2 protein chains.
Amino acid sequence: MKLQEARQQFISSWGAFGTHWGINRTMAQIHALLLTSAEPLTQDDMMEELNISRGNVNMNIRELIHWGLAERILLPGERKEYFTAEKNMWKVIRLIARERKKRELEPMLELLNKLEEVEGDRREKQVKAFTETIQDIKKIGNKVDKTLDLMIRAEENWFLGRVWRLLIDKKTEK
Amino acid sequence: MKLQEARQQFISSWGAFGTHWGINRTMAQIHALLLTSAEPLTQDDMMEELNISRGNVNMNIRELIHWGLAERILLPGERKEYFTAEKNMWKVIRLIARERKKRELEPMLELLNKLEEVEGDRREKQVKAFTETIQDIKKIGNKVDKTLDLMIRAEENWFLGRVWRLLIDKKTEK
DNA sequence: CTATACTTTCAAGAAATATTGAAAATTTAC
DNA sequence: GTAAATTTTCAATATTTCTTGAAAGTATAG
């Protein structure tokens with residue numbers, strides 16, 4: 001397979017993949033484009049490569065920057081802005097985890113805390129079913145929350161070495 | 001807060017939460033409704049509680065069943081079908097992990113394997129940038145894949161006891 | 001077998017979400 | 001300062017995704 005074809009396929013799939021994860025197609029495609037580019041790109045480059053409008057590029061590149069996944073670069077003597085992506089994949093994962101935790105997990109945990117204190121006799125079937133489910137979800141949610149905290153703050157090697165090895169390597173399995 | 005209000009809030013947020021995770025709003029709401037119901041419900045119950053059409057209930061309850069998250073129950077002497085949700089939250093998480101792995105992770109890994117073998121001199125800047133990114137993603141993807149396999153097969157206690165404790169408990173932190 | 005209760009399907013319509021492109025804003029060069 | 005280059009905004013439009021509801025399908029009782 002030729003480089004250009006491979007790259008096109010990667011960009012297109014990364015985009016589709018993104019839509020399953022609440023990240024919009026174009027944002028994911030720009031990310032894929034930058035991830036596989038040896039050089040920084042301008043907004044015009046991206047418009048051309050992805051066949052999308054200037055406004056679309058602009059909005060999505062800014063969103064990527066907001067997530068910490070892309071960076072604006074000013075080349076000396078150049079008037080245009082250039083952009084690159086964070087290429088360290090562990091860092092990429094941590095940045096995504098950080099953002100999604102903030103947007104999705106934390107608000108949910110806040111809500112669960114409120115809902116836990118529902119009025120009514122816990123001996124009533126309906127009240128019991130409700131509070132038990134809420135508490136179970138909360139327990140798991142809190143664990144995920146702490147795990148993500150640890151991961152987000154973690155050094156790449158700590159995470160790789162300590163956790164992954166435990167989970168995966170043959171040696172450590174019983 | 002009254003039970004009915006709390007339940008409404010939970011259903012509505014669970015639905016919104018779902019949309020961020022590639023699960024449609026109604027499917028997530030039906031799931032929330034069943035999770036917090038002491039008794040099995042009929043399609044008509046769900047139509048009324050969620051104010052949605054019969055067709056919508058039917059399609060989404062079948063999808064929940066396909067994921068393993070809900071179950072059809074036939075009560076003796078009753079002609080209507082009743083439905084319940086799996087209430088064990090660890091099992092719920094494993095079921096969701098299994099389904100999403102199959103739909104999202106596995107196809108991506110398959111693609112990455114193909115893309116890794118791009119033609120061209122690895123000393124070329126562009127080729128190098130591309131293959132390095134692909135390989136990095138592949139490495140992480142494979143690890144996630146193995147971890148999910150382990151988790152999907154895992155007994156609740158194994159997972160809870162062994163992994164979570166290592167990740168989270170004070171004692172095991174350096 | 002027939003009538004009735006119930007479930008499933010799917011084309012059309014509604015709602016949600018993403019994209020465009022042109023105008024406004026900003027930055028830089030001189 | 002002004003003009004040219006570039007970036008940003010956002011209302012209008014296009015696209016994608018979800019929902020409806022009525023017709024077709026299936027199962028059960030008698």
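Order of the sequence lines fixes the chain letters, A, B, ..., with proteins taken first and strands second; residue numbering starts at 1 for each chain. If you're wondering where the values come from, they're calculated on a predicted model, not measured in any experiment.
Without hydrogens or angle criteria, A:E86 side chain to A:N88 main chain gives a donor-acceptor distance under 3.5 Å.
Using a 4.5 Å cut-off between side-chain heavy atoms of Ile, Leu, Val, Met, Phe, Trp and Tyr, with links allowed through other members, A:I93 and A:W14 fall into the same hydrophobic cluster.
Spacing between atom CD of A:E48 and atom C1' of C:dT20 amounts to 18 Å, rounded to whole angstrom units. A straight line from CD of A:E63 to P of C:dT19 spans 13 Å, rounded to a whole angstrom. In this structure, A:L50 atom CG and C:dA18 atom C1' are separated by 15 Å, rounded to whole Å.
Running 5' to 3' along DNA chain D, contacts with non-hydrogen atoms of chain A at under 4.0 Å begin and end at D:dA4 to D:dC10.
A:K87 has no carboxylate O lying under 4.0 Å from a charged side-chain N of B:E132, or vice versa, which leaves the two without a salt bridge. Between B:K102 and B:E99, at least one side-chain N (NZ, or NE/NH1/NH2) sits under 4.0 Å from a carboxylate O, which counts as a salt bridge. Ion pairing between B:D149 and B:K101 holds under the 4.0 Å rule for side-chain N and carboxylate O. A salt bridge does not link B:D121 with B:K128: none of the charged nitrogens is closer than 4.0 Å to a carboxylate oxygen. Of the charged side-chain nitrogens involved, at least one lies within less than 4.0 Å of a carboxylate oxygen, so that A:R100 and A:E104 count as a salt-bridged pair.
Toward the 5' end of DNA chain C, the nearer of the two residues B:T19 and B:Y82, judged by each one's closest nucleotide, is B:Y82.
Of the listed residues (B:H31, B:Q43, B:E81), just one forms a side-chain contact (heavy atoms from CB on, under 4.5 Å) with B:I61, and that residue is B:Q43.
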- Start with the C-alpha distance between A:R62 and A:N58, add both sets of side-chain angles, then the distance that settles side chain to side chain donor-acceptor pair (under 3.5 Å), and finish with yes or no. CA-CA 6 Å; A:R62 278 185 305 114; A:N58 189 273; 3.0 Å; yes
Mind listing the N/O atom pairs, protein and nucleotides 26-30 of chain C, below 3.5 Å?
{"from": "C:dT28", "atom 1": "O2", "to": "A:R79", "atom 2": "NH2", "distance (Å)": "3.1"}

Between the protein and nucleotides 8-12 of chain C, which nitrogen or oxygen pairs come in under 3.5 angstrom?
{"from": "C:dT8", "atom 1": "OP1", "to": "B:R72", "atom 2": "NH1", "distance (Å)": "3.1"}
{"from": "C:dT8", "atom 1": "OP2", "to": "B:N58", "atom 2": "ND2", "distance (Å)": "2.4"}
{"from": "C:dT9", "atom 1": "OP2", "to": "B:R62", "atom 2": "NH1", "distance (Å)": "3.1"}
{"from": "C:dT9", "atom 1": "OP2", "to": "B:R62", "atom 2": "NH2", "distance (Å)": "3.0"}

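A 6.0 Å sphere centred on CD of A:E110 holds no more than 12 heavy atoms belonging to other residues, nucleotides or ligands.
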